[in-house]
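Worksheet: one structure, shown below.
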Amino acid sequence: MQRSMNTHRFSRCVLFAFLILCLAAGLLPGASDTNPRLIVLLTVDQFRYDYLTRFLHLYTGGFRTLWDRGAVFTNAHLQHVPTATAVGHATLLTGATPSFSGVVGNEWYDRETKRFIASIFDPSVKLLGAVKGSGASPARLVVSTVGDELKMSGKGPSKVIGISLKDRGAILPAGRMADGAFWFDANSGNMISSTFYFADLPSWVKEFNGQRLVEKHLGAEWKSTGGKALRTLPAKAGPGYYDAFERSPYATDMLLAFAERAIDVEKLGADPYTDILSVSLSSTDLLGHTVGPDSEEIRELNLQTDRSLGRFLQSLEKRLGPGAVLYVFTADHGVAPLPETQATRRMPGGRYTASGLRKAVEAALTERFGSGDWIEFASDGNFWLNRAAIRSRSLSQSAVEEVAAEVLQALPDVFRVYTGSRIRSGQLVIDEVGRRVAASYFPNRSADVITIMAPYWIFSSSGTSHGTPFSYDTHLPLIFMGPGIKPGLYDQKASINDIAPTLATLLAVETPSGSSGRVLTEMLDQPRQPAPRRAPGVVKK
């Protein structure tokens with residue numbers, strides 16, 4: 001009897017040891033010995049593709065490592081318009097254009113509430129860690145992300161976390177099933193979140209905020225690589241300092257330190273079940289709007305971001321070991337040169353007043369249909385018409401749109417005008433711009449009349465901006481680096497929409513529900529082969 005019990009106990013020990021070895025090797029159901037333990041999506045806001053090539057000879061850190069050791073797609077573009085932060089970030093891990101994702105801009109006019117709302121605005125939740133502000137969540141994103149599909153696959157307890165200076169940069173790539181999204185609050189200097197994810201801010205985030213790393217640089221002088229003073233930050237903590245802090249390389253260092261803390265506390269990459277971490281660095285955009293892509297400050301910010309990312313990559317390899325992390329590096333949009341810089345180059349471009357477009361449309365509609373409140377809302381050449389007023393006069397929606405489009409198209413420096421009726425009926429010029437406009441139309445969110453200005457023309461009264469379907473806004477870096485990836489330069493056409501289906505294929509999970517991209521098979525180290533077919537009625541012995 002005793003011998004039988006000892007034998008049974010020994011068998012259980014052997015079985016337990018076997019299971020532990022299988023778990024470590026990733027051989028249990030849901031785990032894989034070929035999948036990375038952690039996927040890190042690195043996004044630099046407003047990072048044009050030529051920021052890689054223009055400064056490549058000066059890079060020595062993260063950008064250089066990604067270029068040398070990664071699969072670099074030299075001709076990757078966005079496939080939507082406007083090329084804005086929220087739309088770009090919504091695309092990264094969904095693979096969806098706005099016509100599927102529902103994210104048609106950073107903000108849009110909500111006909112139901114008659115408000116101009118942010119893409120992540122959610123009044124049903126509250127901020128955590130902030131002193132003021134509106135609730136934020138991915139509730140308006142109507143498609144799944146790679147992280148959502150990974151969690152729904154049943155493969156195991158994967159975690160998904162999003163981090164950024166911006167709320168939309170943290171929230172939208174992480175998706176609706178994320179374990180958390182964290183962003184910077186320029187009013188308090190805290191990393192904050194939302195009750196969409198948890199009832200209270202996690203204790204480790206409170207501890208991080210309590211260290212006040214954000215205030216280490218009070219009164220600091222930001223200097224170039226050569227020692228030239230570029231900017232001096234305010235010496236007193238408060239919104240003014242935090243705003244300046246966001247536009248400096250110090251914000252990138254703080255955000256990456258927060259990401260490292262998240263990796264440690266949340267144990268990302270600590271087991272065979274793949275986790276996803278999205279980190280969006282926003283300082284390039286916040287500074288770039290003011291100084292433009294040709295400024296010394298942007299060059300220096302990119303050089304210092306390169307060094308910071310280099311330290312971050314080394315830190316992750318030390319934490320998780322070589323080959324544990326698959327990196328994807330990209331951006332959410334580019335940016336136009338300053339119009340004043342363009343003028344010195346004898347290139348086209350300039351500044352346009354959006355109010356002038358509205359006045360022209362109002363005058364044309366009044367002349368044709370009589371006086372009335374024809375425009376419900378307008379923003380930068382996008383017009384949401386007053387549908388109630390149109391119906392009350394028994395007018396055709398498409399007829400009113402056409403009158404507005406006709407007057408806009410006749411204005412100087414207007415490239416094209418699109419109407420909702422034309423888009424829905426497929427009456428478009430079929431080229432890159434027409435396809436991008438059509439792929440971005442979401443009924444009841446998109447404007448009824450959409451104006452595309454000529455290249456290099458912007459609505460900003462100072463600085464510069466983005467949002468167009470032209471290459472300086474759509475051409476972005478796209479680099480994969482890590483296990484299963486063949487390094488090299490890939491010059492064939494690609495799109496940022498390709499990230500999601502490629503990752504879904506590598507993870508063997510369902511492609512996100514709105515994905516329109518392709519799998520980048522050319523960079524995969526071992527081409528995936530279909531399962532062999534058996535003849536009908538043949539049973540494998």
Side-chain angles (χ1 to χ4, degrees), residues 36-45 61-62 89 127-130 136 147 157-167 169-171 173-175 178-218 237 242 245-246 248-271 273-283 304-321 324-329:
R37 299 209 309 273
L38 178 63
I39 293 174
V40 176
L41 173 65
L42 293 170
T43 307
V44 180
D45 200 320
H89 280 83
L127 297 182
L128 296 172
S158 296
K159 284 189 174 181
V160 179
I161 290 176
I163 296 171
S164 179
L165 290 181
K166 296 182 180 181
D167 47 13
I171 291 171
D179 296 277
F182 306 95
W183 57 94
F184 184 69
D185 176 37
N187 290 306
S188 65
N190 287 334
M191 291 298 294
I192 68 172
S193 191
S194 158
T195 56
F196 177 86
Y197 304 100
F198 10 68
D200 192 15
L201 202 62
S203 58
W204 68 267
V205 180
K206 292 180 181 179
E207 292 170 5
F208 184 91
N209 289 333
Q211 296 173 5
R212 305 312 295 169
L213 297 181
V214 64
E215 288 158 13
K216 283 179 56 178
H217 305 284
L218 288 168
Y242 301 137
F245 171 82
E246 288 186 294
S248 77
Y250 309 127
T252 296
D253 290 336
M254 185 273 291
L255 204 67
L256 292 176
F258 184 84
E260 290 180 8
R261 184 65 177 148
I263 291 169
D264 290 343
V265 176
E266 301 291 343
K267 301 188 184 307
L268 302 182
D271 59 37
Y273 303 102
T274 304
D275 299 316
I276 297 177
L277 174 66
S278 171
V279 181
S280 177
L281 307 176
S282 313
S283 296
Q304 294 185 44
T305 299
D306 166 65
R307 293 194 287 271
S308 297
L309 281 175
R311 293 189 292 269
F312 181 68
L313 299 186
Q314 291 175 357
S315 171
L316 262 61
E317 183 163 343
K318 183 178 180 180
R319 279 175 162 81
L320 302 176
V325 182
L326 173 62
Y327 296 96
V328 183
F329 169 63

Answer yes or no: is there a side-chain heavy-atom contact under 4.5 Å between [X] and [Y]?
X	Y	answer
I276	I161	no
L281	L255	yes
K216	M254	no
F258	I263	no
H89	T43	yes
Q304	D253	no
I171	W183	yes
F208	L213	yes

Can you check salt bridge (charged side-chain N to carboxylate O under 4.0 Å, His left out) on R37 and D275, steps first, answer last? CA-CA 6 Å; R37 299 209 309 273; D275 299 316; over 6 Å; no
Got a second to check how far [X]'s [atom1] is from [Y]'s [atom2], nearest 0.5 Å?
X	Y	atom1	atom2	answer
D200	T195	CG	OG1	10.5 Å
F184	I163	CZ	CD1	14.0 Å
R311	K318	CZ	NZ	14.0 Å
L316	L277	CG	CG	8.0 Å

Side chain [X], main chain [Y], donor-acceptor under 3.5 Å:
X	Y	answer
N190	I192	no
S164	S280	yes
S278	P173	no
K159	E266	yes
S282	D45	no

Would D185 and L127 count as a side-chain contact (heavy atoms from CB on, under 4.5 Å) here? Give the steps. CA-CA 10 Å; D185 176 37; L127 297 182; over 6 Å; no
If you look at every heavy atom in [X] and [Y], which pair is closest and at what distance?
X	Y	result
A178	Y197	O-CD2, 3.8 Å
A136	S194	O-OG, 2.8 Å
L165	A251	CD1-CB, 4.0 Å

Partners passing side-chain contact (heavy atoms from CB on, under 4.5 Å) against E215 (at least two apart in sequence or in another chain): R212, L218, A237, Y241, Y242
L201: partners by side-chain contact (heavy atoms from CB on, under 4.5 Å), with sequence neighbours left out: L128, S193, V205, K206, N209
Can you confirm if the aromatic rings of F182 and W204 lie within a centre distance of less than 6.0 Å? yes
Could you please spell out the steps behind the side-chain contact (heavy atoms from CB on, under 4.5 Å) verdict for V279 and L41? CA-CA 6 Å; V279 181; L41 173 65; over 6 Å; no
Tell me, with the steps shown, if V328 and L42 meet side-chain contact (heavy atoms from CB on, under 4.5 Å). CA-CA 6 Å; V328 183; L42 293 170; over 6 Å; no
Worked verdict on D264 versus R319 for salt bridge (charged side-chain N to carboxylate O under 4.0 Å, His left out): CA-CA 9 Å; D264 290 343; R319 279 175 162 81; 2.8 Å; yes
Residues passing the ring-ring contact (aromatic ring centres under 6.0 Å, His included) test with Y327, sequence neighbours excluded, are none
side-chain contact (heavy atoms from CB on, under 4.5 Å) between V325 and I39: does it pass, once the steps are laid out? CA-CA 6 Å; V325 182; I39 293 174; over 6 Å; no
Passes side-chain hydrogen bond (donor to acceptor under 3.5 Å, both in side chains), S308 versus T252? Steps please. CA-CA 7 Å; S308 297; T252 296; over 6 Å; no
